[in-house]
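Working notes for the structure below.
We number each residue from 1, following the sequence as shown. Numbering of ligands and ligand atoms starts at 1, following listing order.
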Amino acid sequence: MKYEIKCIGVLTSGGDSPGMNAAIRSVTRAAIFNGIRVKAIYRGYKGLITGEITEFQTQNVSNIIQQGGTILKSARCAEFRTPEGRKMAFDNMEKHGIDALVVIGGDGTFTGARIFAQEFNVPIIGLPGTIDNDLYGTDSTIGYDTALNTIVEAVDKIRDTASSHERLFFIEVMGRDAGFLALNSGLASGAEAAIIPEKKTQLAQLEELVKNGFRKSKNSSIVLVAESELTGGANALAEHMRTEYPEYDVRVTILGHLQRGGSPTAYDRIIASRMGVAAIEALLEEQRSVMIGIVNDVIVNVPFTKAIKDDKPVNEKLLNVLHMLSI
Ligand code: ATP
């Protein structure tokens, strides 16, 4: 029997990312366009459990496409990890007449969604909202491009002082265990090296660069470092440098949360808009437990299990480009 969807719930969960609002707008308007009602759920899974739910009309998502963050707020919710918490969430869905969910977040959000969908037979579609770009099955996640541009802007500014004082800067960027932000911001800002968790030999290359005296040809040096236990982070690397190469004036900048904020780039607004529409289309086509991705400019539906578990490799050729251009 065809499962008719009359009303969807939309929520944002996990770390916020620029473009989430564009995704909320798109999901809301695409649903209403198709005659489906929309319930906005606040604070991620937490709001589903506590019943922070309100109906959205098209005007509720006016004037948000250009805003960073998420108007629905985001939260981490330990209770949703328990069967009792998820039962309360399901009861609230029934109470509010919600037939299906669109969840916008990262791998944790999809892990929770997959379990919830299985337990209660709920149709759920995911949209990849994270600056880390660490989800398999999409070339880019919503927010990644904006974060990349924010980092490059910051590095350009740091380069001015690095160059004036002839310093070696280690700049730590987000990404968890993924090196996309560090590698691509390194390329875009003309950095000397990028230390990423996926490639252990980068550290050896950095030593080689230092030993060859990259100060000879340059009056400043920038190294992008992905925050990760695998890289050790910028502080640990800087400490190592200070001990081994005291002739360098070493400084550290940890960019932190400024990478998550700001108005989304055109690219992030566009993919968020396309993915939101695709989420509603997927629900109408009776797709379940899939993340919407865009690969080679084509919309794809990726099962949650694949999006979460499969590795998304960085393009190692880019490391060679960076290396070659850092002479
Ligand atoms: P980001 O990539 O920005 O960190 P995320 O979606 O991975 O985003 P998490 O905090 O890992 O962020 O997950 C968001 C929420 O998903 C959690 O707070 C929790 O409510 C739910 N969740 C995560 N893992 C599980 C799980 N194993 N079972 C049930 N719910 C989960």
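- Atom NZ of K73 is surrounded by 12 or fewer heavy atoms from other residues, nucleotides or ligands within 6.0 Å.
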List of N/O pairs, ligand 1 versus protein, all under 3.5 Å?
unit_1: ligand 1; atom_1: 2 (O); unit_2: R176; atom_2: NH2; d: 2.9
unit_1: ligand 1; atom_1: 3 (O); unit_2: G15; atom_2: N; d: 3.0
unit_1: ligand 1; atom_1: 4 (O); unit_2: R76; atom_2: NH1; d: 3.2
unit_1: ligand 1; atom_1: 4 (O); unit_2: R176; atom_2: NH1; d: 3.3
unit_1: ligand 1; atom_1: 6 (O); unit_2: G106; atom_2: N; d: 2.9
unit_1: ligand 1; atom_1: 6 (O); unit_2: G106; atom_2: O; d: 3.4
unit_1: ligand 1; atom_1: 6 (O); unit_2: T109; atom_2: N; d: 2.9
unit_1: ligand 1; atom_1: 6 (O); unit_2: T109; atom_2: OG1; d: 2.5
unit_1: ligand 1; atom_1: 7 (O); unit_2: D107; atom_2: N; d: 3.3
unit_1: ligand 1; atom_1: 7 (O); unit_2: D107; atom_2: OD1; d: 2.9
unit_1: ligand 1; atom_1: 7 (O); unit_2: G108; atom_2: N; d: 2.8
unit_1: ligand 1; atom_1: 10 (O); unit_2: R76; atom_2: NH1; d: 2.6
unit_1: ligand 1; atom_1: 12 (O); unit_2: R76; atom_2: NH1; d: 3.0
unit_1: ligand 1; atom_1: 16 (O); unit_2: G108; atom_2: O; d: 3.3
unit_1: ligand 1; atom_1: 18 (O); unit_2: C77; atom_2: N; d: 2.7
unit_1: ligand 1; atom_1: 20 (O); unit_2: C77; atom_2: O; d: 2.6
unit_1: ligand 1; atom_1: 22 (N); unit_2: G108; atom_2: O; d: 3.3
unit_1: ligand 1; atom_1: 24 (N); unit_2: R81; atom_2: NH1; d: 3.3

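- Applying the salt bridge (charged side-chain N to carboxylate O under 4.0 Å, His left out) rule to R76 yields no partners; only residues at least two apart in sequence or on another chain are considered.
- F116 is linked by a ring-ring contact (aromatic ring centres under 6.0 Å, His included) to F80, F120, counting only residues two or more places apart in sequence or in another chain.
- Taking A238 as the reference, F170, R242, V250, V252 meet the side chain to side chain contact (heavy atoms under 4.5 Å, CB included) condition, with sequence neighbours excluded.
- The cationic group of K312 lies under 6.0 Å from the six-membered ring centre of F180 and within 45° of the ring axis, placing it in a cation-pi geometry.
- Residue E229 places its CD atom among 12 or fewer non-hydrogen atoms of other residues, nucleotides or ligands, all under 6.0 Å distant.
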